[in-house]
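To start, the structure under review is shown below, and the notes come after it.
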Amino acid sequence: MADPQEVLSRRVQSALGAAFGADYAETDPVIRPSQFADYQANAALALAKRLGRKPRDVAADIVAHLDVDDVCREVEISGPGFVNLTLREEWIADRAQEVLADPRVGVPRQDRQNIPIDYSAPNVAKEMHVGHLRTTVVGDALARTLEFLGHNVIRQNHIGDWGTPFGMLIEHLLDTGEHSAEAELVKSDPNAFYQAAKAKFDESEEFAARARARVVALQSGDPETLRLWRELVDLSKVYFNRIYAKLDVTLTDHDLAGESIYNDMLAPVCDELERKGIAELSDGALCVFLDGFTGREGKPVPLIVRKSDGGYGYGTTDLATVKYRVEQLKADRILYVIGAPQALHLQMVWGAARAAGWLPDDVTPFHVQIGNVLGSDGKILRTRSGEPIRLMSLLDEAVERAAKVVAETRPDLDEESRTAIAREVGIGAVKYADLSVSHDTEYTFDFDRMLALNGNTGPYLQYAAARIRSIFRKGELSPEEATGPITLTEPAERELALALLGFGSTVHLVGDSLEPHRLCGYLFDLAQTFTAFYEKCPVLKAGDGATRASRLALTAATLRTLVQGLELLGVHAPERM
RNA sequence: GCACCUGUAGCUCAGUGGAUAGAGCAUCGGACUUCUAAUCCGACGGUCGCAGGUUCGAAUCCUGCCAGGUGCACCA
């Protein structure tokens, strides 16, 4: 690995072992970025107590046993016992050269795991909202990143395609006619269809009765009812896929794993829980009570697996997902990219699954908590009239706003190019805004900020990439032709090369922590470092051929890192902006 | 009442137990005969919610309190 932190860690560990014995060879050398050097090793301070010696003496001992001549040009003890490490320019240049030549841009593969990721999960015949947007975008970034790291990612789009609402939806479909204009609304404006059905359900007792009867028919597997149900699901798929296409996410029909596929598992799940004595009847409902889960007035909170009317809720389905993902998908890790408010529910589902033996200790479920999206008023994002915002119109607005800017700044480009740029910038901005803040906190939705060319935004990163591409166009050569050799003389060149070396460890960190915003932070830092380089170091007009070749190579490596990083986030970098 | 999450610059947010807590926006001042000035540089701006504790060292770990948000039996 090209990562200096990794390399220095190993070297300092060897020194620790040599200086203090084999017991210390595994100690964390605590390598951190330093403001006084490139990196600093802080192990001496922590070890001083354990060794019963002065920190500075411990540091001196470490340095005496440290073999880093090929990596560092300066090793210095400072302060109470920090070991400051300054890298050799040649070493940095060589590593940057490796990154440039590496098809994986310095990101080693990890041991392959099976990782089902549950994300997006919209409801049939319902509009997606900003909450769906965020789980879709974050889940997709995690899927792309883990896949790139070498894992077998199994996307699980747990759509809401089953349950009591389908009684009224199917009856409404029959009333309007299967191929009517109203039915077609499910493809484009599903809420209009849903609300019409709901209104009738509330107003007409006759309709409500039909709806309830229809639910029974659906659950008992009546063929004609199932056909109508499938019709609704198919209409919804059209809507989902339009959103996914616009968003440029990787979900396809192949990834659909809705609630309905678990139907056959629900009764056996309940039976097994009952047989194992994990579930018990309470007020007519079959419930699992787990230690440590109490609600109001200290009463135990149940996980209801079978309602008193005999129906199944989402608790049962979620238990079935665990079973399915462990047994059928052979999961090593299971990711649930769903709303933060579901935390308690998931804890109970996993607790019950563990108790039932469906979730072995070596399988780790993980809740990637998605925080609410708020408007500028600090409340859940809504339109001015108080209705939930339709996702499609929100995306359209982002593209429109981007188009307005492109029209002003790039009148030289033809209409078609401007439209394409606006689409990539607008959508990229929305996605990046979702990804660049930690996923578990609420965040404030603000078009102006996410579309800004300054700051930690999608457009800023896209622009950095576009400028690099512009350099190569102007120089009439392709980035692939820029092979160096890289030599570092200017500070800005050194900074840029060093920044490039951090990509691999950052991607690994994202894969382990499941926090895409860390990649955003890295890419933003890289783009800023590049911009400083761009200001200070002419590339095409460099003084001599060797400098030009080196800077072109650094520029090419930056482009590849930015493009690859953005791709892991699901953001496309346009050729020009 | 119980549980979880959050509290960092005027605003939006980062921050791996390490030295003087960082970005962006906003404000103020500067930079365009130079590879895309939609980009850059500088300045200003902080009792890291409060109080204890652990530690050589705490925004970070622990405890208590305060404030905001969310969840807590048959919707999913």
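This is a predicted model, so every value here is computed, not measured. Below, chain A is the first sequence line, B the second, and so on; all start at residue 1.
Taking 4.0 angstrom as the limit, A:R469 places none of its side-chain polar atoms (N or O) nearer than this to OP1 or OP2 of B:C35. Taking 4.0 angstrom as the limit, A:R449 places none of its side-chain polar atoms (N or O) nearer than this to OP1 or OP2 of B:C13. In this model, the phosphate group of B:C11 is not approached by any side-chain N or O of A:T444 to a distance below 4.0 Å at OP1 or OP2. For A:H367, no side-chain nitrogen or oxygen approaches OP1 or OP2 of B:C4 to under 4.0 Å.
Side-chain proximity of A:T441 to B:A73, B:A38, B:A14: nearest is B:A14. The side chain of A:V405 sits closest to B:A38 out of B:C5, B:C72, B:A38. Which of B:A14, B:A73, B:U36 sits closest to the side chain of A:D283 comes down to B:A73. Side chain of A:R518, nearest nucleotide from B:U16, B:A38, B:C5: B:U16.
Within 6.0 Å of CG on A:D291 lie no more than 12 heavy atoms contributed by other residues, nucleotides or ligands.
Residue A:S436 is classed as having no contact, given no heavy-atom separation below 4.0 Å to the nucleic acid. When heavy atoms are screened at a 4.0 angstrom cut-off, A:E476 is found touching no nucleic acid atom at all. When heavy atoms are screened at a 4.0 angstrom cut-off, A:D525 is found touching no nucleic acid atom at all. A:N456 comes within contact range of no nucleotide atom at all, as no heavy-atom separation falls under 4.0 Å. Using a 4.0 Å heavy-atom criterion, one finds that A:A343 contacts no nucleic acid atom at all.
RNA chain B is contacted by no residue of residues 159-171 of chain A, taking any non-hydrogen atom closer than 4.0 Å.
Nucleotides B:U54 and B:G17 have their C1' atoms positioned 12 Å apart, rounded to a whole Å.
Base pairing of B:C25: its partner is B:G10, meeting the Watson-Crick or G-U wobble criterion (both donor-acceptor distances under 3.5 Å).
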